[in-house]
Amino acid sequence: MIAASIATLPSRAEETGQAIYFGRADGLPAARIGTIAQRGLTCAGCHGRDAGGGGEGRSRIPAIHGAALGAATSVRPAYDAEGFHRALTEGHDSAGRTMSIAMPRFALSAAQADALWHFLGTIADRERAGVSANGVRIGVATTAGDRQATQRSLDDLSAAWKARGRPVLHGREVEFIAVAVDSLGPTSVDVASTPFLLVGPTLDRDGRTLALLQQAGLPVLAPQGSLTTDRLPAEVVSLRANEREVAAALLALAGPRTSIVADMLPQGEQTASLPVLTPDAPLPEETQRIVLLLGEAGLRSFAATHHSHLSGRTLVLPLSVVEAQPTLVGHLLAVATDVVAARPAGDALDMPAVAAALEAGLIAAGRNLTRTAFLEALRKTRQQSAGVEFVRIQR
């Protein structure tokens, strides 16, 4: 079995294997499908975060975690490290048969393939880190240099959980612990100290915190900070409305006296039947309210075209646009009767909402709790249309 030799492997190799598996390693050559080179293909993209495989169209994608590779099947013997390298680079399985053309061929070195092989031997333990037979450990991100704020977050989440009756879910009690993001190791699989997931970390603009969390393999719930919710990776789940949901709330305002002016509409049934104007198109005379879903160039075009036609009319747009273009919106505010902004309702770290999401996700994930199962359950149970509120922008 792969896992048997893991204890003697330097952690750096596992870190490299993890980066290769998720496509975060630097300098990886393009994979090939047949004779066509394609960049951006990752192991996780097909075999899943947990290497558990699954279905994709009519194809059945095999599991490639350590237990699966290290076990013989009715059609092939168990893999070893050398055979695994051949499968990746040449497309021959452990029985020597040519694999499907849908399986990309990766030009990995022997050292890279060996690192990936050993990482796959640890992935099952990583998936269950923070989980024991009778408990699950939930981390709450600490606030750097502010012990009181950290304690408040712990107390608030514990109180919200207590208000839900302190449920024991599938025979497991939930424990909340403070976790400093900087203390997370990229290859930690110590179930005695690693949390199952992390609540409320602040994500910085340069992506450093997100990179640490991804290296640690930690699912994240209710992040704070600057990363927009439409750009969150799969392991990071926000409970607030994302940009698409804010846009949907704005489109719902459409009516006889409301015009939609847009250059970045989301696709879907909601937009198919809407009469949408371009930024420089004439506004109908009866228009009293104008919904703006525009990027910077579109907003500038709209302002230049309609600056003298906005008196007596209300502009409605996402708050993110107001924050990104304060000077331009200020010019519009000077001539329009009103400017109203739509934004996600509630706080990024709403502990009662976090407690409710945790309970729903843990229940839906079942007794065989893994990080991947929880993330899939959380996405299914998350309220599909999170709250959006409207605020008036002051002159």
Side-chain angles (χ1 to χ4, degrees), residues 202-207 210 223-232 238-348 384-395:
T202 298
L203 304 181
D204 44 31
R205 289 187 180 277
D206 62 10
L210 181 60
Q224 305 178 81
S226 60
L227 196 63
T228 61
T229 50
D230 275 358
R231 299 174 187 169
L232 296 177
S238 173
L239 299 179
R240 304 185 78 202
N242 60 35
E243 291 175 8
R244 182 174 294 272
E245 290 165 332
V246 170
L250 288 170
L251 292 173
L253 299 175
R257 296 185 177 183
T258 298
S259 291
I260 307 293
V261 181
D263 61 7
M264 54 180 194
L265 276 178
Q267 299 298 312
E269 294 181 5
Q270 184 183 14
T271 62
S273 60
L274 286 178
V276 177
L277 302 176
T278 59
D280 56 357
L283 294 170
E285 291 185 8
E286 66 272 18
T287 296
Q288 295 183 355
R289 182 169 59 186
I290 306 167
V291 172
L292 301 177
L293 290 168
L294 300 169
E296 180 181 354
L299 192 60
R300 290 188 182 281
S301 175
F302 174 85
T305 303
H306 300 291
H307 188 270
S308 60
H309 306 120
L310 298 179
S311 178
R313 288 167 163 169
T314 296
L315 304 180
V316 190
L317 68 170
L319 182 63
S320 59
V321 174
V322 177
E323 293 173 340
Q325 301 295 330
T327 301
L328 190 53
V329 172
H331 292 158
L332 295 173
L333 188 61
V335 292
T337 298
D338 225 349
V339 175
V340 175
R343 67 183 183 187
D347 298 326
Q384 293 303 305
S385 182
V388 175
E389 62 186 10
F390 295 86
V391 294
R392 180 170 281 103
I393 304 301
Q394 301 296 323
R395 283 184 168 82

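All values below were derived from every heavy atom in this structure, side-chain atoms included, with hydrogens, water molecules and symmetry-related copies excluded.
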- Message: side chain to side chain contact (heavy atoms under 4.5 Å, CB included), that's the test. Do V321 and L292 meet it? Break it down for me.
- Response: CA-CA 9 Å; V321 174; L292 301 177; over 6 Å; no

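- The ring pair (Phe, Tyr, Trp, His ring centres under 6.0 Å) pairs that include a residue from residues 283-334 are F302-H306, where partners are two or more places apart or lie in different chains.
- Contact detail for A249 and F390: the closest heavy-atom pair is O-CZ, 4.3 Å.
- For the pair L210 and P223, the minimum side-chain heavy-atom distance is 4.5 Å or more.
- The stretch residues 304-328 participates, sequence neighbours left out, in no salt bridge (charged side-chain N to carboxylate O under 4.0 Å, His left out) pair at all.
- In terms of heavy-atom proximity, A241 sits nearest to G387 at CB-O, 3.5 Å.
- Atom CG of residue L253 and atom CD1 of residue I260 lie 7.0 Å apart, to the nearest 0.5 angstrom.
- R392 pairs by the salt bridge (charged side-chain N to carboxylate O under 4.0 Å, His left out) definition with D338, not counting sequence neighbours.
- We find the CG-CG distance between L299 and D263 to be 9.0 Å, quoted to the nearest 0.5 Å.
- For the pair V261/V291, no side-chain contact is recorded, criterion being any heavy-atom separation below 4.5 Å from C-beta on.
- By the 4.5 Å heavy-atom criterion applied to side chains, L317 and V339 are counted as neighbours.
- Contacts of R289 classified as salt bridge (charged side-chain N to carboxylate O under 4.0 Å, His left out), with partners at least two apart in sequence or in another chain: none.
- You'll find the side chain of N242 reaches within 4.5 Å of the side chain of E245, heavy atoms only.
- Residues S311 and T337 share a closest heavy-atom pair of C-OG1, 4.0 Å.
- Atom CD of Q224 sits about 9.5 Å away from atom CZ of R240, to the nearest 0.5 Å.
- For E296, the salt bridge (charged side-chain N to carboxylate O under 4.0 Å, His left out) partners two or more places apart in sequence, or in a different chain, are R300.
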- Run the side chain to side chain contact (heavy atoms under 4.5 Å, CB included) check on L315 and V340 step by step: do they pass? CA-CA 6 Å; L315 304 180; V340 175; over 6 Å; no

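- The shortest side-chain heavy-atom distance between V335 and S308 does not fall under the 4.5 Å cut-off.
- Summarising the geometry, atom CZ belonging to R244 is positioned 10.5 Å from atom CG belonging to L251; distances are rounded to the nearest 0.5 Å.
- For T287, the side chain to side chain donor-acceptor pair (under 3.5 Å) criterion is met by S259, not counting sequence neighbours.
- Side chains of T305 and P279 form no contact here, defined as non-hydrogen atoms less than 4.5 Å apart.
- Between V316 and I290 there is no side-chain heavy-atom pair separated by less than 4.5 Å.
- Closest non-hydrogen pair, L277 versus P282, comes out as CD1-O, 3.9 Å.
- Scanning all heavy atoms of the two residues, the minimum distance from I393 to L333 falls at O-CD1, 3.8 Å.
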